[in-house]
Engineer: 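The structure under discussion is supplied below as structure tokens; questions concerning it will follow.
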2 protein chains.
Amino acid sequence: MDSPLLQRSSSFCQACAIRNRAICADLDDGEIAILNSIGRRRMLAAGEQIMWEGEEAILVANVIEGILKLSTQTADGKEQILGLVYPADFLGRPFGQTTPYGVEALTDAHVCVFQRADFDRFAREHPRLEHKLLERTLSELDRTRRWMLLLGRMNAEQKLASFLLEMSERVGQKGCTAPGREQFELPLSRQQIADVLGLTIETVSRQLSKLRKDGLIDLPARREIVIVARDRLEELAG
Amino acid sequence: MDSPLLQRSSSFCQACAIRNRAICADLDDGEIAILNSIGRRRMLAAGEQIMWEGEEAILVANVIEGILKLSTQTADGKEQILGLVYPADFLGRPFGQTTPYGVEALTDAHVCVFQRADFDRFAREHPRLEHKLLERTLSELDRTRRWMLLLGRMNAEQKLASFLLEMSERVGQKGCTAPGREQFELPLSRQQIADVLGLTIETVSRQLSKLRKDGLIDLPARREIVIVARDRLEELAG
DNA sequence: CGTCTAGTTGAATTCCGTCAAAGCGGGTGG
DNA sequence: CCACCCGCTTTGACGGAATTCAACTAGACG
């Protein structure tokens with residue numbers, strides 16, 4: 001189903017870094033051309049917000065580069081991060097009236113944005129795209145549900161261990177200096193880690209210090225993590 | 001898109017109680033006939049399990065009647081309920097290898113079961129069904145994410161208040177004796193409520209007693225809830 | 001070199017979990 | 001019909017984990 005025409009077309013999409021991993025993956029050249037015409041690229045600086053909770057859902061997007069967070073807050077202002085979005089992931093709420101969470105870039109990011117109305121129309125006319133989107137949404141639902149177990153039933157130590165292991169899988173895969181995924185740079189501040197795990201910043205800090213003292217990890221810089229004893233970390237995470 | 005032929009066909013699906021709310025809703029007669037041929041009905045007794053976490057994903061289903069729970073557990077055996085499934089909801093993991101959670105009936109239930117392979121094939125050939133499934137999955141993801149805020153950032157009192165309000169919407173809609181949704185029967189035991197909210201059974205019991213003492217609710221029987229002061233409950237839930 | 005923010009550490013407090021015992025209610029058998 | 005039993009629920013006492021409040025430290029940046 002995949003077309004071997006990468007070099008024939010000079011269109012934007014054909015040169016896209018995530019072309020083969022995003023939902024646009026098995027579209028043909030004609031379809032890509034349409035998608036190309038309704039989408040546009042946009043740069044985001046770290047900390048920049050692109051969608052606001054409760055606002056009308058105007059945009060959807062593919063993430064090309066960078067990491068973003070989805071978040072919401074309680075009536076009294078405590079934040080909860082609902083998910084992290086990585087390159088090739090889909091972003092936004094198609095077929096919905098309002099955006100159910102805020103979206104903010106954690107790092108400088110590069111996204112491919114569509115007006116939701118345009119995207120919805122295109123999707124309904126192209127079942128293969130909808131199928132991709134469905135598979136992606138089902139996986140995301142599975143991942144989100146796994147996170148519920150962490151939020152509801154794990155203590156602070158288990159939460160941190162699980163978080164570090166997950167981040168090492170997600171962030172540590174790039175061509176790193178370190179051997180494999182044992183060293184990586186966190187895209188989140190301590191407060192943001194706390195907001196992911198349903199903890200306070202102090203508890204996160206204390207647990208990281210404890211893991212370091214126990215020799216499971218090292219913390220060479222504020223946002224650097226070195227996993228020293230992956231096996232023991234996995235044991236903690238359960 | 002909906003066909004006005006309810007009385008022409010005598011097929012099973014046409015007589016189905018949830019025919020117009022489930023994902024099969026806007027299929028035409030031919031499509032319904034196929035679906036009818038690959039699905040079969042199954043009764044479940046309260047407490048009966050129909051899918052097991054980690055097992056190969058063989059079945060998917062529509063819920064016709066009753067309430068089921070999706071759940072998982074930590075390495076050390078603590079359970080977390082990941083979601084409740086109501087009539088007209090879709091159940092199971094299409095397009096996936098393994099079932100990521102256990103499924104158990106909370107009440108006696110009635111489901112319409114498909115072999116996943118059959119269903120997947122049918123879905124891929126019928127974009128309208130896939131679209132319905134996509135919309136449903138997106139809504140489910142939204143609801144699940146809202147639940148994450150509860151698990152991560154609410155205290156026991158707020159959790160109970162939110163839970164009771166949600167249940168009153170979901171369970172209190174039937175033709176009840178009570179005026180509106182202010183009285184209803186819980187489909188969950190105290191332990192199961194605890195497993196939904198990420199609490200212990202004792203905390204659930206204490207918070208319910210507190211809400212009763214404060215005059216927000218009444219508890220005429222173990223599984224009966226009367227909402228006395230909805231406004232104050234909503235205030236607590238935030 | 002000073003300021004500013006993010007992060008760490010400590011002490012006190014609070015909320016929830018744990019352990020233990022008692023209460024309630026529905027079903028069964030005498 | 002009542003007594004008994006069993007599982008579910010409630011209540012109490014206690015301890016511990018995480019939050020809160022507060023002070024301090026380390027880098028980053030001008």
Engineer: Atom CG of B:Leu197 to atom P of C:dG17: distance rounded to whole Å?
Structural biologist: 10 Å

Engineer: Mind calculating the distance between CE (B:Met154) and P (D:dT19) to the nearest angstrom?
Structural biologist: 16 Å

Engineer: Enumerate the residues from residues 207-228 of chain B whose closest heavy atom to DNA chain D is under 4.0 Å, giving them by residue number; use none for an empty result.
Structural biologist: B:Ser209, B:Arg212, B:Arg222

Engineer: If you pin B:Ser205 and A:Glu157 to their nearest nucleotides in DNA chain D, which one's is more 5'?
Structural biologist: B:Ser205

Engineer: Expressed as a whole number of angstroms, how long is the span from A:Gln192:CD to C:dG7:P?
Structural biologist: 9 Å

Engineer: Taking all heavy atoms of B:Gly198 and all of B:Leu151, pick out the closest pair and write down the distance.
Structural biologist: N-CD2, 4.0 Å

Engineer: Of all the nucleotides listed (C:dC16, D:dT9, C:dT8), which has the minimum atom distance to the side chain of A:Arg190?
Structural biologist: C:dT8

Engineer: Please determine, for the side chain of B:Ile201, which listed nucleotide (C:dT8, C:dG17, D:dT10) has the closest atom?
Structural biologist: D:dT10

Engineer: Of all the nucleotides listed (D:dC21, C:dT18, C:dT8), which has the minimum atom distance to the side chain of A:Glu202?
Structural biologist: D:dC21

Engineer: Inspect the contact between B:Glu140 and B:Arg143 and indicate whether a charged nitrogen and a carboxylate oxygen are less than 4.0 angstrom apart.
Structural biologist: yes

Engineer: For the side chain of B:Ser205 and the backbone of B:Ile201, is there at least one donor-acceptor N/O pair under 3.5 Å apart?
Structural biologist: no

Engineer: May I ask you to decide whether B:Glu157 forms a salt bridge with B:Arg232, counting only side-chain N to carboxylate O separations under 4.0 Å?
Structural biologist: no

Engineer: Looking at the side chain of A:Arg206, which of C:dG10, D:dA18, C:dT8 is the nearest nucleotide?
Structural biologist: C:dG10

Engineer: Looking at C:dG17, I'd like to know if its phosphate oxygens (OP1 or OP2) sit under 4.0 Å from a side-chain N or O belonging to B:Thr203.
Structural biologist: yes

Engineer: Between C1' on C:dC15 and CG on A:Leu199, what's the gap in Å once rounded to a whole number?
Structural biologist: 15 Å

Engineer: Between C1' on D:dC8 and CG on B:Leu188, what's the gap in Å once rounded to a whole number?
Structural biologist: 14 Å

Engineer: Quick one: B:Lys159 NZ to C:dG17 C1', roughly how many Å, whole number?
Structural biologist: 12 Å

Engineer: Under a 4.0 Å threshold between the charged nitrogen and the carboxylate oxygen, would A:Glu166 count as salt-bridged to A:Arg146?
Structural biologist: no

Engineer: I'd like to know if A:Glu224 pairs up with A:Arg212 as an ion pair, taking the criterion as any Lys NZ or Arg NE/NH1/NH2 lying under 4.0 Å from an Asp or Glu carboxylate oxygen.
Structural biologist: no

Engineer: Among D:dA18, C:dG17, D:dT19, find the nucleotide with the atom closest to the side chain of B:Thr200.
Structural biologist: C:dG17

Engineer: Please assess A:Lys210 against A:Leu160 for the test side-chain contact (heavy atoms from CB on, under 4.5 Å), listing each intermediate value before the final yes or no.
Structural biologist: CA-CA 11 Å; A:Lys210 182 163 176 299; A:Leu160 257 298; over 6 Å; no

